[in-house]
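Remarks on the structure that follows.
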Number of protein chains: 2
Amino acid sequence: MLENLSRIEVENPVDLIISQIRDLISSGKIKPGEKLPPERKLAEHFGVSRNQVREAINKLQIYGIVKVQPQSGTTVTGIGIVAIEGLITDILRIEKTDFKSLVDTRILLEKEAARLAAINRSNDDLIKMNIALNHYEGILLNDGFAIEEDLLFHLKISEASKNTVLRSLMMIITPDILKSFTNLKVCNENTNKKTIDEHRHILEMISEKNPDGAIEAMELHLKDVIEFSNK
Amino acid sequence: MLENLSRIEVENPVDLIISQIRDLISSGKIKPGEKLPPERKLAEHFGVSRNQVREAINKLQIYGIVKVQPQSGTTVTGIGIVAIEGLITDILRIEKTDFKSLVDTRILLEKEAARLAAINRSNDDLIKMNIALNHYEGILLNDGFAIEEDLLFHLKISEASKNTVLRSLMMIITPDILKSFTNLKVCNENTNKKTIDEHRHILEMISEKNPDGAIEAMELHLKDVIEFSNK
DNA sequence: ATGATATATTTGGTCAACCAATAATTGGGC
DNA sequence: GCCCAATTATTGGTTGACCAAATATATCAT
């Protein structure tokens with residue numbers, strides 16, 4: 001009964017440090033290409049432990065804002081100035097990404113993935129997609145919902161597209177899609193039979209190496225989601 | 001003279017630990033929702049320090065594979081099973097992204113961004129894009145190259161599209177684009193005047209709220225890059 | 001004065017010990 | 001026998017000290 005009360009969200013000290021460093025960069029005190037102050041100085045300046053500074057720098061490194069060179073220093077990447085423009089704040093409150101943006105972008109990627117898969121798929125890809133699809137159907141008919149397995153099938157399509165970047169991007173947004181769908185309860189039980197047919201149709205088009213047909217099939221499949229996101 | 005010799009790339013121990021944990025999950029020894037063994041046990045089992053395990057878990061957390069609960073334990077999230085399928089291996093060899101995939105995907109995103117920007121751009125967006133464009137031209141005419149500023153202009157377009165996810169994805173691939181361009185020396189000085197005109201044309205189309213025109217202009221602008229990636 | 005070499009300092013990386021909050025256990029009271 | 005509180009053990013978080021490599025400085029021979 002208590003889990004729906006507003007959760008007291010204590011601001012993570014590491015995120016605060018990230019913000020501080022972000023300010024250092026965006027205010028122009030440190031320009032791209034220049035070195036960040038050493039971890040010890042930063043720790044002293046912010047009045048925190050060095051490990052927390054290290055953790056913050058680690059995150060910044062993962063996002064590509066800075067590059068650490070062992071035994072030398074941490075430099076602000078040239079692209080940092082690009083990412084700083086808004087990426088970090090996005091990461092800190094990633095839940096604010098609106099649902100429509102997510103769906104629209106997903107559709108953009110999915111259609112292209114289906115098109116490329118129809119062109120580039122190997123026989124091995126076909127087998128893998130089939131396995132994923134059968135697995136999805138099995139779970140769906142038993143439990144009534146199988147969002148994860150659904151998305152897994154879609155990921156196999158992006159794999160078959162042979163475009164590694166497209167696939168990576170699909171993987172990046174997949175968790176968010178899953179989260180949103182679960183939260184908003186998009187899945188609808190009485191559409192199960194329909195979605196299975198749609199999936200089979202997509203796979204068929206890819207199998208036949210029909211790019212336009214694949215796009216069309218994917219468009220049809222995602223139509224419900226589009227409508228849901230538009231309301 | 002030595003800096004171009006093949007650098008001996010020692011596999012990062014933290015990445016190795018990530019692989020190990022990935023295996024623990026994907027092999028089914030730990031299922032979504034279940035707890036990961038405590039950090040101390042993992043450290044002992046892998047024969048490494050606890051800090052390294054913590055760092056690995058940190059990364060997994062950033063990518064949403066696991067969720068750490070202080071003083072309680074680290075649980076594998078539901079989405080893990082999807083992400084585990086390949087996301088981690090992507091993290092480990094992110095540099096293997098091939099150039100063609102990168103360019104193709106970029107074009108897909110850029111065209112959609114231009115289209116949406118032509119529909120959704122505010123007057124404020126126009127001002128920002130203009131500033132970015134002028135800044136780009138200034139640097140270009142002085143130094144002869146301004147890839148970063150170029151990409152900054154493109155990012156402003158994705159901002160004007162008002163699709164936050166699309167913008168985030170653009171930001172994610174931007175560093176890789178920059179890296180590839182620098183490595184392959186795609187930029188060509190005698191095309192400077194041309195690219196400036198192309199940029200102005202794109203901005204014009206967005207300003208006029210002409211989606212199709214914006215797509216076309218962007219296509220034209222990226223034509224050189226497409227040709228370069230196809231050879 | 002200049003150059004190379006040896007030393008000292010600074011750097012990020014690593015580690016083991018400690019802290020506070022939580023979960024599990026145990027003991028007592030009803 | 002059952003339930004609740006006090007205690008103990010376990011958890012992730014934090015800290016300061018130490019390490020090896022890279023850099024800056026000083027020293028000395030030329």
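The sequence lines fix the lettering, A, B, ..., with proteins before strands; numbering per chain opens at 1. Note: hydrogens, waters and symmetry copies are ignored here, and every other heavy atom, side chains too, is used.
Between its two ends, the helix from C:dA1-D:dT30 to C:dC30-D:dG1 turns its axis by 20°, counting five pairs per end and rounding to 10 degrees.
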I'd like a list of close polar pairs between nucleotides 18-22 of chain D and the protein, N/O only, cut-off under 3.5 Å.
unit_1	atom_1	unit_2	atom_2	d
D:dA22	O4'	A:Gln71	O	3.4

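Enclosure of atom CD in A:Gln69 by more than 12 non-hydrogen atoms of other residues, nucleotides or ligands within 6.0 angstrom is indicated.
Going from atom CZ of A:Arg54 over to atom C1' of D:dT14 covers 14 Å, rounded to whole Å. Distance CD (A:Glu39) to C1' (C:dG13): 8 Å, rounded to an integer number of Å. A straight line from CD of B:Gln69 to C1' of C:dT22 spans 11 Å, rounded to a whole angstrom. The separation between B:Leu36 atom CG and D:dT10 atom C1' is 16 Å, rounded to whole Å. Atom NZ of B:Lys35 is separated from atom P of D:dT10 by 15 Å (rounded to the nearest Å). Per the geometry, CD belonging to B:Gln61 stands 12 Å off P belonging to D:dG12, to the nearest Å. Here C:dG13 presents its C1' atom at 13 Å from CD1 of B:Ile17, a figure rounded to the nearest Å. Atom CD1 of A:Ile57 is separated from atom C1' of C:dG12 by 9 Å (rounded to the nearest Å).
With hydrogens and angles left out, the side-chain atoms of A:Asn163 and B:Thr105 include a donor and acceptor closer than 3.5 Å. For the residue pair B:Asp104 and B:Ser101, no side-chain donor N or O sits within less than 3.5 Å of a side-chain acceptor on the partner.
The salt bridge (charged side-chain N to carboxylate O under 4.0 Å, His left out) search around B:Asp150 returns none, not counting sequence neighbours. Qualifying salt bridge (charged side-chain N to carboxylate O under 4.0 Å, His left out) partners for A:Arg50, counting only residues two or more places apart in sequence or in other chains: A:Glu39.
If you take CD on A:Glu112 and CG on B:Leu108, they are separated by 5.0 Å, rounding to the nearest 0.5 Å. The distance from the CD1 atom of A:Ile157 to the CG atom of A:Leu166 is 11.0 Å, given to the nearest 0.5 Å.
Within residues 41-48 of chain B, no residue approaches DNA chain D, by heavy-atom distance under 4.0 Å.
In this pair, A:His199 and A:His154 present their aromatic rings perpendicular. The plane angle is above 60°, beyond the 30 to 60° band.
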Would you be so kind as to tabulate the donor-acceptor pairs closer than 3.5 Å made by side chains of residues 127-136 of chain A, with sequence neighbours excluded?
unit_1	atom_1	unit_2	atom_2	d
A:Asn134	OD1	A:Arg200	NH2	2.9
A:Asn134	ND2	A:Asn130	O	3.3
A:Tyr136	OH	A:Thr195	OG1	3.3

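Counting only heavy atoms from C-beta outward, the side chains of A:Glu110 and A:Met170 approach each other to under 4.5 Å.
At least one side-chain nitrogen or oxygen of A:Gln52 sits closer than 4.0 Å to the OP1 or OP2 atom of D:dT14. Look at A:Ser49 and you won't find any side-chain N or O under 4.0 angstrom from OP1 or OP2 of D:dG16.
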Would A:Leu36 and A:Thr75 count as a side-chain contact (heavy atoms from CB on, under 4.5 Å) here? Give the steps. CA-CA 6 Å; A:Leu36 220 61; A:Thr75 58; over 6 Å; no
